[in-house]
Amino acid sequence: MKSFHALSDTKQGYIYTFITMLIWGGFSLFARLTAYWNIAVWDILALRFMTAFLVIIPLLYIKKDYRFLFDYRIPLLAMVGSVGYCFFVYSGFFYAPVAHGVVFLNGTFPLFTAIIAYVLLGQRLDRSTMLSFAIIICTLTLMGLMMVNDPAGFGFGDVMFLCSAVFWGLFSVMLRLWKFTPWQIVSGIATYSAIIYLPIYGLFFTPQLHLAKPAQLFTQAIFHGIFVVIIATLTYAKAVEKIGLFKAGSIATLAPFVAAVVAVPLLNETLSPMMLCGLIGMGIGALQPWRWLSKSPIG
């Protein structure tokens, strides 16, 4: 640990970003595995929220820092960025391949975030954002034309991905507006997601956990409840602190695109010309590689 802290902030930032990238890339694959393992959307949500809650509660007790939980904005963040977002994103991966999630979630997320920031915060769009919009819109238009000959190209899962991108964009703007600390965000969301969702799950849904193997349930619970909710949030926050928002975000956002390629041999999924076009176009639009060449890096 001492050797890690002896590293420069930049090197530490890249390490934090790499950890985040691994987890975010794994999220796309593990979320898609729920369909292969017959884990229902409502069951994976319960596993995720319950696991995170059981880990966070003892930490809250140890830290004695929980007054922020009484702030009305914390449950709103949980409703939008956790319960709402997770419902749509897991539904998307249940019905559509990983590549679809990358295109219609990760690819459109910057677009929806910028639009919502403009509407709610009055944040003007810079040249890089406008260029990203143009690339994303052209990519979606080209994909739409290609879908004319492939009616099965766009389905229910893709609609779910678009909805989840809207929720994540709104969540990102809310975070920017309210400026809670990473600890408050992680613990608040973990706490209220469980408080809000688990009673609904118990009253209105029939668990189908018996359809999956215990090892599969345990793996999903640990990965989504601890690695995604807690570890990735903290490592990403530290990465942004060390190397800036643009560098950390750009590198970490590469993960789902890599996951889409890995899913081909790993999950026996296919990459149609239409989805390959979408991956390239959305990747360029979301990552904005031209900003790396700028003499005045943003971040």
Side-chain angles (χ1 to χ4, degrees), residues 16 18-62 78 81-98 101-102 105 157 160-161 164 182-183 185-236 252 255-256 258-260 262-269:
Y16 283 125
F18 181 70
I19 295 172
T20 306
M21 183 178 175
L22 289 178
I23 297 175
W24 282 9
F27 172 80
S28 300
L29 298 173
F30 276 88
R32 181 58 177 158
L33 276 174
T34 60
Y36 289 92
W37 291 350
N38 296 312
I39 303 175
V41 172
W42 53 86
D43 287 331
I44 190 62
L45 290 177
L47 289 173
R48 171 178 175 140
F49 297 150
M50 185 182 300
T51 303
F53 180 76
L54 292 176
V55 172
I56 285 295
I57 287 301
L59 296 178
L60 282 170
Y61 178 78
I62 293 171
S82 185
V83 178
Y85 166 76
C86 287
F87 171 78
F88 286 114
V89 76
Y90 284 116
S91 297
F93 279 115
F94 192 85
Y95 291 102
V98 173
V102 174
L105 169 60
M160 294 293 99
F161 286 133
S164 62
W183 162 250
I185 295 168
V186 171
S187 55
I189 287 177
T191 300
Y192 278 106
S193 295
I195 291 174
I196 293 168
Y197 179 76
L198 293 180
I200 297 174
Y201 174 71
L203 290 172
F204 299 104
F205 293 96
T206 301
Q208 298 181 2
L209 298 172
H210 63 281
L211 298 178
K213 298 177 181 179
Q216 295 171 342
L217 297 175
F218 178 79
T219 300
Q220 293 284 4
I222 296 300
F223 181 79
H224 292 284
I226 297 178
F227 281 85
V228 175
V229 176
I230 299 174
I231 297 177
T233 302
L234 294 175
T235 55
Y236 182 62
V258 175
V262 173
V264 174
L266 188 63
L267 302 180
N268 198 30
E269 296 187 348

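Remember, it's a predicted structure, so these values are computed and weren't measured experimentally.
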Full working for side-chain contact (heavy atoms from CB on, under 4.5 Å) between Leu105 and Tyr85: CA-CA 11 Å; Leu105 169 60; Tyr85 166 76; 3.9 Å; yes
Can you measure from [atom1] ([X]) to [atom2] ([Y]) and round to the nearest 0.5 angstrom?
X	Y	atom1	atom2	result
Ile231	Leu22	CD1	CG	11.5 Å
Thr20	Phe27	OG1	CZ	14.5 Å
Thr51	Phe227	OG1	CZ	12.0 Å
Thr235	Ile23	OG1	CD1	5.0 Å
Ile222	Phe30	CD1	CZ	11.0 Å

Can you give each donor-acceptor pair under 3.5 Å made by side-chain atoms of residues 198-216, sequence neighbours left out, with the distance rounded to 0.1 Å?
{"residue": "Tyr201", "atom": "OH", "partner": "Asp43", "partner atom": "OD1", "Å": "2.5"}
{"residue": "Gln216", "atom": "OE1", "partner": "Lys213", "partner atom": "N", "Å": "3.0"}

I need the minimum non-hydrogen distance between [X] and [Y], along with the two atoms involved.
X	Y	result
Ala52	Val229	CB-CG1, 3.9 Å
Gly26	Phe223	C-CZ, 3.5 Å
Val89	Phe161	O-CE2, 3.9 Å
Ala232	Val228	CB-O, 3.5 Å
Ala31	Phe93	CB-CD1, 3.5 Å
Ile189	Ser82	CG2-CB, 3.5 Å

For Phe218, I'd like to know if atom CZ has over 12 heavy atoms of other residues, nucleotides or ligands within 6.0 Å. no
Counting C-beta onward and ignoring hydrogens, is there a side-chain heavy-atom pair between Trp183 and Leu60 closer than 4.5 Å? yes
Donor-acceptor check, side chain of Tyr197 to backbone of Trp42, threshold 3.5 angstrom: yes or no? yes
For Ile39 and Leu217, what are the C-alpha separation, side-chain angles and deciding distance, and is it a side-chain contact (heavy atoms from CB on, under 4.5 Å)? CA-CA 8 Å; Ile39 303 175; Leu217 297 175; 3.9 Å; yes
Given the rule in the side-chain contact (heavy atoms from CB on, under 4.5 Å) test, do Val83 and Phe49 qualify, once you have shown the distances and angles that lead to the verdict? CA-CA 9 Å; Val83 178; Phe49 297 150; 4.2 Å; yes
Which pairs with one or both residues in residues 223-232 pass side chain to side chain donor-acceptor pair (under 3.5 Å), sequence neighbours excluded? Tyr90-His224, Gln220-His224
Applying side-chain contact (heavy atoms from CB on, under 4.5 Å) to Phe53 and Ser193, what does each step give before you reach the verdict? CA-CA 8 Å; Phe53 180 76; Ser193 295; over 6 Å; no
